[in-house]
Structures are given as C-alpha cells and as structure tokens.
K.L.:
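If you scroll down you'll find the structure; I have some questions about it.
The structure displayed is predicted, hence computed values, not measured ones. Values below: every heavy atom of this structure, side chains too, minus hydrogens, waters and symmetry copies.
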Amino acid sequence: MALETWLNKVKKTIAHSFVTVRSAGAPRAKTAVIKKSSVGVLAFEISGLMSKLLHLWQFLSEKNMIRIRNESICLEGVRKIVSNDDAFLIGLACAEIVENLRMVAKSLSRISKRCEDSHLRSFDRFFTEFANMGRDPYNWVLSLKDMELKIKKMDQFVTTTALLHRQMDELSVLENSLKKASNSNSNSHFKDSDISIKEQKILELRQKYLWQKQEVKYLKERSLWCRSFDTVTSLLARSIFTTLARIKLVFGINHGYPNSLPRSLSASATVYPSENHNTCNFVSGPLMNNPPILKVSDHEFFESNTKVLKPPTSTLGAAALALHYANLIIVMEKMIRSPQLVGVDARDDLYSMLPNSVRSSLRSRLKGVGFSASDPVLAGEWKDALQKILGWLSPLAHNMIKWQSERSFEQQNLVPKTNVLLLQTLYFANQEKTEAAITELLVGLNYIWRFEREMNAKALFECTNFNNFLNLKHSSN
C-alpha cells in the first residue's frame with residue numbers, strides 16, 4: 001500500500017513537471033517556427049527587375065554618357081529628321097532613362113506591400129518624395145563603392161536565379177519521363193529480360209531525378225527563391241534610390257529637367273545624401289565646386305518626364321507609323337542592295353505597304369517619267385544617291401526594330417540589351433521629312449530596278465541572237 005502511494009506521488013510529480021516544461025517552452029517554440037516568408041516563385045520576376053536595374057546602372061557609366069553626347073545625338077539621321085537641338089535630345093535621353101527606372105520602381109512597389117518592415121511597405125511614397133524633393137530620411141542612397149557591391153550581389157542573384165529556372169525545367173522533364181516509364185512498365189507484358197532492362201532504366205531515371213532535385217534545392221538556397229521580401233525589397237530600394245541620384249547627377253538635373261550633359265564624369269565620383277535629410281546633395285568631384293540642391297519643380301518629377309516623352313503631332317510616333325516605316329525602309333534597303341533579284345510580286349508587296357500619303361507623293365514624282373531606263377550614268381548616280389539616303393535613314397530604322405524587340409513581352413528576357421534610345425529611332429522623326437526621304441528611295445529604286453531589267457533583257461536578247469547566228473553558221477557548213 002505504501003509502495004502504491006509512493007508510485008502515485010512520483011507519477012503526479014512527473015506529470016506536473018511535463019506540464020510545467022511544456023508551458024514554459026511554448027512561447028520559445030512558437031518564436032522558433034516564425035520565419036519571414038520567402039519570395040518563392042516570385043524570384044523570377046524579381047530577378048527580371050534586378051536585371052533591368054543592372055542595365056540602367058551600367059547605362060549611366062561615363063563611357064555611355066560620352067557616347068550619348070558625342071555619338072547618339074550627333075547621328076546624321078537624328079539631325080535631319082528628329083531634331084538639331086542638343087538640349088531637346090539630351091532631355092529625351094534623360095526622360096527615357098527616368099521612365100525606365102520608374103517602371104522598375106512601380107513593380108517593386110507592388111512587391112514591397114508583402115514586407116514586414118513598414119518603411120519598406122511605404123517604398124512608393126518615399127521614392128516619390130525623393131524624386132520630387134530629394135528627401136532621403138532613411139539614407140537609402142548609397143555611396144558609389146557600396147553601390148558597386150550591391151551591383152555584384154544582384155548580378156550573382158540574377159545569374160543563380162536564371163540557372164535555377166533552367167534546372168527546374170530540367171527537373172520537370174525528368175519527373176515526367178520517370179512517370180511515363182513507371183506507368184509503361186506496370187502496364188507492359190514483356191519477357192523477364194525486357195522487364196529487367198526497363199527496371200534498370202527506371203532506376204537510372206530515378207537516380208537522375210533525385211540528383212536533379214538536390215541541385216534545385218541547393219540553387220533555391222543560393223538564389224532569390226529563399227530570400228525574404230524584406231531582403232530583396234531593401235536591396236532593390238536602395239539601388240533604385242542610388243540610380244535616380246546618379247541620373248540627376250550625370251544629367252545635371254536641378255529643376256526636373258536636365259540643363260546639360262557634363263563633359264566628363266570622374267570614375268571616383270561619389271553619390272551620397274547630405275546630412276540634412278530634407279534635401280539631398282549629389283556631388284562629383286571634378287564636375288562642380290558647389291553641388292546643386294534639388295528643388296521641387298512646378299510639376300511632379302515623373303509627370304514632367306512623361307510629358308517630354310510624348311511625341312509631337314508632327315512625328316511618326318504620334319501617327320503610330322514608326323515601326324511600320326522602319327520595316328518599310330529595311331525592305332527597300334534589301335531591294336536596293338540587289339535590285340536584279342526583285343521580282344514583280346515583290347514590287348507589288350512593297351507598294352501595298354505604302355500609306356496613302358506616300359503613294360500620292362510617289363505618283364506625283366513619277367508623272368512624266370519615261371518608260372525607258374537605259375542610261376548607265378543616271379543609274380549610277382541614282383545608286384549613289386540611294387546609298388547616301390540609306391546611310392543616315394537605315395540606322396534609325398534598324399534601331400527602331402531593336403528598341404521594339406527589347407521591349408516586347410515575349411522577348412524582354414531573351415534579347416540582349418543594345419543601349420538604343422528612342423531619340424535614335426524613328427519614333428520622334430518628323431513624318432513629312434521621313435516620307436519625303438522614303439519617296440526619294442522609291443523613285444530611285446524604280447529607276448535602277450527598270451534599268452536592271454532592261455540590261456538583263458538586252459543581254460538575253462544579244463545572247464539569243466548570238467546563239468541563232470552560231471546555229472545558222474553551223475547549218476550552213
């Protein structure tokens with residue numbers, strides 16, 4: 001009896017100890033399982049944003065700024081049919097870069113809503129304030145040295161996440177192959193030797209699948225997949241702030257519009273916020289002695305840039321003809337290069353591509369032109385004239401195709417970046433001047449095409465007569 005009583009006391013003591021330990025450890029266990037949610041499958045979208053931001057940052061390098069000032073705005077075609085005003089062209093370049101950054105920031109704003117940090121969730125508001133007034137209360141603008149470290153980190157994330165995407169596709173293919181092989185083996189009625197071979201193949205497939213699964217798991221841990229929304233948003237937010245600061249620095253923006261493009265930028269130039277968080281100063285050692293203070297413009301910063309990018313009514317962009325004319329010019333370029341290979345059907349197809357305004361202009365130019373085109377001197381002059389026109393018009397047409405291809409939804413992650421700006425395309429080209437150049441190309445193409453046909457017909461006629469002469473001479477002998 002005493003033993004039974006003692007055992008009951010021990011049992012109660014042990015049970016009470018378990019309850020005490022469980023209740024005391026419960027909060028710690030709950031805290032241990034709480035983890036910040038990872039971005040998961042959104043890693044691929046975030047990787048795309050990082051890739052675009054990397055490209056924007058690289059575009060703002062000293063080398064590219066010199067190229068814009070000395071090459072892009074000096075293209076003969078740009079000067080002839082877009083504008084001859086340096087300030088206007090630099091403004092277009094700046095506005096397009098700012099718009100590209102705004103689109104990246106807009107995408108990040110949607111992702112930032114999933115963050116736990118309230119400051120990161122308000123990224124869009126802080127970014128707008130920074131763009132308009134230069135306010136950076138949380139010091140998100142980085143020094144150039146720190147930014148370069150972030151660039152390397154983002155580049156690694158982009159590379160690893162792209163590799164993860166490929167490996168996940170391969171894992172999916174292996175999984176489907178394994179399922180098909182397993183199903184076919186269970187439903188088959190073959191000899192024992194055939195079944196043994198099939199089982200061996202299934203084992204090999206299963207081994208490959210398991211190895212691939214481990215590889216995917218490893219890449220998920222290394223890539224953006226397992227990073228939290230706070231981590232990636234913080235990285236991107238700081239980089240976006242610093243990129244906008246760099247844009248305002250290199251374009252000399254003080255009141256929402258670039259004053260000029262600096263002659264040179266020091267490789268050691270730094271970008272950082274001032275000690276006063278209400279305003280933000282950006283300095284570049286060799287550029288200026290007194291760094292400008294960014295002030296609020298009469299309009300919102302991004303709205304001002306959007307207005308700059310709106311094409312005037314006299315341009316091909318406003319008429320929605322820029323891409324069509326680019327294709328038309330490229331077709332004519334091929335025909336002019338090899339007019340002897342152009343058939344009647346190809347000419348008809350080209351004519352069907354012409355808008356009514358160009359057709360009307362072409363008909364008026366061809367009035368009174370004779371049907372004969374047998375003058376080799378005139379044909380040579382036309383060829384030279386066409387090459388000169390294509391020399392300045394063709395680059396803008398090809399740039400238009402490149403620009404459009406890079407921004408198409410299907411190709412945006414496949415086509416390599418070429419640093420083509422809208423000002424280098426037909427988008428802002430004057431419609432009347434462009435159509436005049438196209439009409440000139442058509443008139444010249446018409447002449448050299450007819451010249452080639454007449455020369456071919458003449459050569460064929462002479463060849464036929466010579467053969468007939470040989471035949472008559474042979475028969476007479």
K.L.:
Side chains of Tyr325 and Gln431: any donor to acceptor distance under 3.5 Å?
P.N.:
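Gln431 vs Tyr325: no donor-acceptor pair found between side chains.
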
K.L.:
Check salt bridge (Lys or Arg N to Asp or Glu O under 4.0 Å) between Arg222 and all other residues, then give those that pass, not counting sequence neighbours.
P.N.:
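With neighbours one apart ignored, the set is empty.
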
K.L.:
Any luck finding a side-chain donor-acceptor pair between Glu440 and Trp382 under 3.5 Å?
P.N.:
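No, no side-chain donor-acceptor contact under 3.5 Å.
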
K.L.:
List the atom pairs, with distances to 0.1 Å, where a side-chain N or O of residues 341-353 and a protein N or O form a donor-acceptor pair under 3.5 Å, not counting sequence neighbours.
P.N.:
residue: Arg347; atom: NH2; partner: Asn446; partner atom: OD1; Å: 3.0
residue: Tyr351; atom: OH; partner: Arg363; partner atom: NH1; Å: 3.3
residue: Ser352; atom: OG; partner: Asp349; partner atom: O; Å: 2.5

K.L.:
Examine distances only and state if a side-chain atom of Ser172 and a backbone atom of Met168 form a donor-acceptor pair shorter than 3.5 Å.
P.N.:
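Checked: no pair found.
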
K.L.:
Using only heavy-atom distances, determine whether the side chains of Asn132 and Glu300 contain a donor-acceptor pair under 3.5 Å.
P.N.:
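Present: a donor and an acceptor within the cut-off.
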
K.L.:
Quick check: does any side chain N or O of Thr161 sit under 3.5 Å from a backbone N or O of Val158, one acting as donor and the other as acceptor?
P.N.:
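Answer holds: no.
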
K.L.:
Go through it in stages, so that I can follow the logic: the residues are Gln167 and Gln212, the test is side-chain contact (heavy atoms from CB on, under 4.5 Å), and I'd like the CA-CA distance, side-chain angles, deciding distance and then a yes or no.
P.N.:
CA-CA 7 Å; Gln167 296 298 333; Gln212 190 67 20; 2.4 Å; yes

K.L.:
Decide, yes or no, whether a salt bridge links Arg102 with Glu99 under the criterion of side-chain N to carboxylate O below 4.0 Å.
P.N.:
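Salt bridge flag = yes for Glu99 with Arg102.
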
K.L.:
Work out which heavy atom in Ile247 is nearest to a heavy atom in Cys94; give both atom names and the distance.
P.N.:
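Closest approach of Ile247 to Cys94, heavy atoms only: CG2-SG, 4.2 Å.
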
K.L.:
Rounded to the nearest 0.5 Å, what separation is found between the CZ atom of Phe130 and the CZ atom of Phe301?
P.N.:
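Here the interatomic distance stands at 9.5 Å.
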
K.L.:
Below 4.0 angstrom, N of the basic side chain to O of the carboxylate: do Arg238 and Asp136 qualify?
P.N.:
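Here Arg238 does not pair with Asp136 in a salt bridge, since their nearest N and O are not under 4.0 Å apart.
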
K.L.:
Find out whether Ile73 and Val78 are in side-chain contact, i.e. whether some heavy atom of one side chain is under 4.5 Å from a heavy atom of the other.
P.N.:
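Answer no - side chains too far apart.
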
K.L.:
Under the side-chain hydrogen bond (donor to acceptor under 3.5 Å, both in side chains) test, which residues partner Glu175, sequence neighbours left out?
P.N.:
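Testing Glu175 for side-chain hydrogen bond (donor to acceptor under 3.5 Å, both in side chains), a comparison that skips the adjacent residues, returns none.
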
K.L.:
Please tell me whether Asn419 and His55 have a donor and an acceptor in their side chains that are separated by less than 3.5 angstrom.
P.N.:
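Side-chain D/A pair, Asn419 to His55: present.
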
K.L.:
List the atom of Leu309, the atom of Ala95, and the distance in Å for their closest heavy-atom pair.
P.N.:
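The answer is CD1-O, 3.6 Å.
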
K.L.:
Between Leu224 and Val39, which heavy-atom pair has the shortest distance, and what is it?
P.N.:
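For Leu224 versus Val39, the nearest heavy atoms are O-CG2, 2.9 Å.
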
K.L.:
Does any N or O in the side chain of Ser177 come within less than 3.5 Å of the main-chain N or O of Val173, such that one atom is a donor and the other an acceptor?
P.N.:
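It does hold such a pair.
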
K.L.:
Whether Glu62 and Arg67 form a salt bridge (side-chain N of Lys/Arg under 4.0 Å from carboxylate O of Asp/Glu) is what I want to check.
P.N.:
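Salt bridge flag = no for Glu62 with Arg67.
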
K.L.:
Take the angle between the ring planes of Phe123 and Phe241 and call it parallel below 30°, perpendicular above 60°, tilted in between.
P.N.:
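It falls in the tilted class, 30° to 60°.
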
K.L.:
Would one find more than 12 heavy atoms of other residues, nucleotides or ligands at under 6.0 Å from atom NZ of Lys179?
P.N.:
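Atom NZ in Lys179 is not packed in, count stays at 12 or less.
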
K.L.:
Can you see which heavy atom on Ala318 is nearest to which on Pro312, and at what distance?
P.N.:
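Scanning both residues, the minimum pair turns out to be CB-O, 3.1 Å.
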
K.L.:
Do Ser361 and Glu435 come close enough that some side-chain heavy atom pair is under 4.5 Å?
P.N.:
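A side-chain contact is absent here, since even the closest heavy-atom pair is not under 4.5 Å.
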
K.L.:
So which heavy atom on Leu426 is nearest to which on Ala397, and how close?
P.N.:
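Smallest interatomic distance, heavy atoms only, reads CD1-CA, 4.1 Å.
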
K.L.:
Any sub-3.5 Å donor-acceptor pair from Thr434's side-chain atoms to Asn430's backbone N or O?
P.N.:
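A pair under 3.5 Å: yes.
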
K.L.:
Using modelled atom types only, decide if a donor and an acceptor are shared between the side chain of Gln424 and the backbone of Leu421 within a distance under 3.5 Å.
P.N.:
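The answer is yes, because a donor-acceptor pair under 3.5 Å joins these two groups.
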
K.L.:
Decide, yes or no, whether a salt bridge links Arg125 with Glu129 under the criterion of side-chain N to carboxylate O below 4.0 Å.
P.N.:
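Yes, this pair counts.
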
K.L.:
Taking all non-hydrogen atoms of both residues, which atom of Ser109 and which atom of Asp124 are closest, and how far apart?
P.N.:
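That closest heavy-atom pairing would be OG-CB, 3.1 Å.
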
K.L.:
Side chains of Glu432 and Ser314: do they bring a donor and an acceptor to under 3.5 Å?
P.N.:
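No.
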
K.L.:
Between Glu96 and Asn305, is any pair of side-chain heavy atoms under 4.5 Å apart?
P.N.:
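Heavy-atom side-chain distance check fails, nothing below 4.5 Å.
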
